[in-house]
Asks: 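This structure is in structure tokens; I'll ask about it shortly.
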Amino acid sequence: MPEKHYINAVILSVKETYGKDIPSGASKMGGFPDLPPEIEYPVMTEFTEKWCNKKTDHYEKSAMQLVAQINLYELAESGADVENLLPKTGMLYIFWSGEIMELESDEYWKIEVVEPDKTATYKVIWWDGDISSLRRTEPPCPYHSKYFFDEPDECFTEFAVKFDSHREYKNYKKNSGSNKFFGCPQGEICPQIDETEVNLFQFDCYDNFEGCIWKAYWIIKKSDLKNLDFSRVLIDFDMD
């Protein structure tokens, strides 16, 4: 099969080295993030939503869940990012509130927010600084009560990760349980990305959600990735 039909991916799998004591600044998924003093823990605004002027629900200000924090030096040392698409230093943080809708009104939903500058439902941060300044940081408030109503203080499953390079057939969309950077979005109903876009990260939600959300995908423009601009990443979902 010609090379043009394949795409590279970085697969994240469990790293057993640390056991339950994952050191600050290590690559991991879930748990509490290791943040520097200058980065505020990402939160989402308190808001009220009304559907078709009938049902009204109110949600308090909520902390975003840490999906992953990646020590980019560890990733570079692994050699798994064979195309060198990500920086070789610093930390990459991926946060998500669990919310699947934008906090914007439309013809069916009326959304009223308390803090207009905190309506983002997810956040990707690249930080390149002194790793020794990182501190394990607990969320300042409970997680989003719409999706974490039973256990609003329980974070996503935490485990240290290691990296492996993987080549995928571009048209192979079959459901995959992989957490990964790049490669093809895979799932039952996965997003279609064009030649200008990259599947930055695929998150297997299965162990963290009950309901219709199976996977989340963070999609970035190739030009933004080249310029290390993570401010315009978009999110999509594999859902029932």
Side-chain angles (χ1 to χ4, degrees), residues 30 33 35 39-69 92-127 139-153 155-156 185 187-206 208-225 227-240:
L35 296 175
I39 293 183
E40 182 180 5
Y41 195 111
V43 298
M44 187 175 67
T45 181
E46 175 184 352
F47 69 98
T48 300
E49 64 180 15
K50 181 180 289 188
W51 182 71
C52 292
N53 293 319
K54 294 179 180 179
K55 182 181 178 181
T56 299
D57 292 302
H58 181 79
Y59 301 97
E60 298 295 332
K61 184 175 183 177
S62 57
M64 294 190 191
Q65 287 269 8
L66 175 70
V67 175
Q69 68 171 37
L92 188 68
Y93 300 96
I94 299 175
F95 288 94
W96 177 35
S97 65
E99 180 59 70
I100 60 176
M101 296 178 59
E102 294 183 4
L103 299 188
E104 296 180 354
S105 297
D106 59 25
E107 59 180 318
Y108 300 107
W109 294 91
K110 182 179 180 182
I111 308 292
E112 296 178 352
V113 303
V114 174
E115 298 176 272
D117 63 331
K118 290 183 171 60
T119 58
T121 61
Y122 58 93
K123 195 165 189 177
V124 178
I125 303 169
W126 174 48
W127 172 84
C141 50
Y143 298 123
H144 187 20
S145 60
K146 183 191 292 188
Y147 296 99
F148 307 104
F149 53 88
D150 286 333
E151 297 172 323
D153 297 317
C155 54
F156 285 161
E188 299 299 329
I189 307 175
C190 53
Q192 301 297 314
I193 61 175
D194 62 33
E195 292 300 319
T196 70
E197 299 172 318
V198 173
N199 181 35
L200 177 65
F201 192 71
Q202 174 178 302
F203 175 46
D204 182 13
C205 303
Y206 183 78
N208 295 289
F209 272 88
E210 294 183 4
C212 65
I213 308 173
W214 297 98
K215 287 182 177 60
Y217 312 86
W218 283 259
I219 310 298
I220 190 171
K221 290 288 186 182
K222 288 181 178 179
S223 56
D224 287 339
L225 180 57
N227 294 325
L228 304 181
D229 179 2
F230 298 95
S231 65
R232 296 187 292 182
V233 173
L234 298 177
I235 195 169
D236 207 335
F237 304 97
D238 178 8
M239 301 172 58
D240 289 346

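Below, each value reflects all heavy atoms present in this structure, side chains not excepted, and no hydrogens, waters or symmetry copies.
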Asks: Which heavy atom in S231 sits nearest to a heavy atom in D229, and how many Å separate them?
Replies: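 Smallest interatomic distance, heavy atoms only, reads OG-OD1, 2.5 Å.
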
Asks: Among F47, F149, Y122, exactly one meets ring pair (Phe, Tyr, Trp, His ring centres under 6.0 Å) together with H144. Which residue is that?
Replies: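 Only one of F47, F149, Y122 forms a ring pair (Phe, Tyr, Trp, His ring centres under 6.0 Å) with H144, namely F47.
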
Asks: How far does CD of Q69 sit from CD1 of I125, to the nearest 0.5 angstrom?
Replies: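 Going from CD on Q69 over to CD1 on I125, the span is 11.0 Å.
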
Asks: Grab the two heavy atoms, one from C205 and one from A216, that are nearest each other, plus how far apart they are.
Replies: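 Distance-wise, the nearest heavy atoms are SG-N, 3.7 Å.
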
Asks: Apply the test side chain to side chain contact (heavy atoms under 4.5 Å, CB included) to residues L225 and F230: give CA-CA distance (whole Å), side-chain angles for both, the deciding distance (0.1 Å), then the verdict.
Replies: CA-CA 7 Å; L225 180 57; F230 298 95; 4.0 Å; yes

Asks: Exactly one of F203, W96, Y217 should register a ring pair (Phe, Tyr, Trp, His ring centres under 6.0 Å) with F237. Which one does?
Replies: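 Per the ring pair (Phe, Tyr, Trp, His ring centres under 6.0 Å) rule, the option paired with F237 is W96, out of F203, W96, Y217.
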
Asks: Take W214 and I189 through the test side chain to side chain contact (heavy atoms under 4.5 Å, CB included) and record every step on the way to the result.
Replies: CA-CA 9 Å; W214 297 98; I189 307 175; over 6 Å; no

Asks: Would you say the side-chain atoms of E46 and H58 include a donor-acceptor pair closer than 3.5 Å?
Replies: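 Side-chain D/A pair, E46 to H58: present.
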
Asks: Working to the nearest 0.5 Å, report the span between CG of D150 and OG of S145.
Replies: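 D150 CG to S145 OG: 11.0 Å, rounded to 0.5 Å.
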
Asks: Could you tell me the separation between the SG atom of C190 and the CG atom of N199, rounded to the nearest 0.5 Å?
Replies: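 Answer for the SG-CG pair, C190 versus N199, is 9.0 Å.
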
Asks: Looking only at heavy atoms, what is the nearest atom pair of P140 and V43, with distance?
Replies: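 Answer, listing the atom of P140 first, then V43: CG-CG1, 3.7 Å.
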
Asks: Does any non-hydrogen side-chain atom of I100 lie less than 4.5 Å from one of Y147?
Replies: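 Sidechains of I100 and Y147: in contact.
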
Asks: Which heavy-atom pair separates P139 from A63 by the least distance, and what is that distance?
Replies: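 Of all heavy-atom pairs spanning P139 and A63, the closest is CB-CB, 3.5 Å.
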
Asks: Okay, side chain of K222, backbone of V198: is any donor-acceptor separation there less than 3.5 Å?
Replies: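 It does not hold such a pair.
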
Asks: Distance check, rounded to the nearest 0.5 Å: I235 atom CD1 versus E99 atom CD?
Replies: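 Interatomic distance, I235 CD1 to E99 CD, rounded to 0.5 Å: 10.5 Å.
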
Asks: Would you indicate whether W51, at its atom CH2, is surrounded by more than 12 heavy atoms from other residues, nucleotides or ligands within a distance under 6.0 Å?
Replies: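 No, because the 6.0 Å sphere around CH2 of W51 holds 12 heavy atoms or fewer from other groups.
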
Asks: Answer yes when E40 and K118 have at least one side-chain N-carboxylate O distance shorter than 4.0 Å, and no when they do not.
Replies: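 Result for this pair is no, no salt bridge flagged.
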
Asks: Are more than 12 heavy atoms from other residues, nucleotides or ligands located less than 6.0 Å from atom CD of E115?
Replies: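 Above 12, so yes.
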
Asks: Nearest 0.5 Å please: distance from the CZ atom of F201 over to the CD1 atom of I219.
Replies: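 Rounded to the nearest 0.5 Å, the CZ-CD1 separation comes to 12.0 Å.
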
Asks: Can any side-chain N or O of Y41 pair as donor or acceptor with the backbone N or O of M64 at less than 3.5 Å?
Replies: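 Yes; judged by distance alone, with no hydrogens or angles, the pair exists.
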
Asks: If I compare all heavy atoms of G98 with all of F148, which pair ends up nearest, and what's the gap?
Replies: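 Looks like CA-CE1, 4.3 Å.
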
Asks: With side chain to side chain contact (heavy atoms under 4.5 Å, CB included) as the test, would you mind laying out the steps for M44 and Y59 before giving the verdict?
Replies: CA-CA 10 Å; M44 187 175 67; Y59 301 97; over 6 Å; no

Asks: Please identify each residue that fulfils salt bridge (charged side-chain N to carboxylate O under 4.0 Å, His left out) with D224, with sequence neighbours left out.
Replies: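 Applying salt bridge (charged side-chain N to carboxylate O under 4.0 Å, His left out) to D224 gives R232.
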
Asks: Side chain of S105, backbone of I111: donor and acceptor closer than 3.5 Å?
Replies: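 Here the side-chain-to-backbone pair exists.
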
Asks: Closest approach of T119 and P116, non-hydrogen atoms and distance?
Replies: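 Answer, listing the atom of T119 first, then P116: CG2-O, 3.6 Å.
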
Asks: Would a 4.5 Å heavy-atom cut-off, applied to side chains only, mark F156 and V67 as touching?
Replies: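 Yes; the side chains approach each other to less than 4.5 Å.
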
Asks: Going by side-chain contact (heavy atoms from CB on, under 4.5 Å), K221 matches just one of L200, T196, I193. Which one?
Replies: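 Answer to the side-chain contact (heavy atoms from CB on, under 4.5 Å) test with K221 among L200, T196, I193: T196.
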
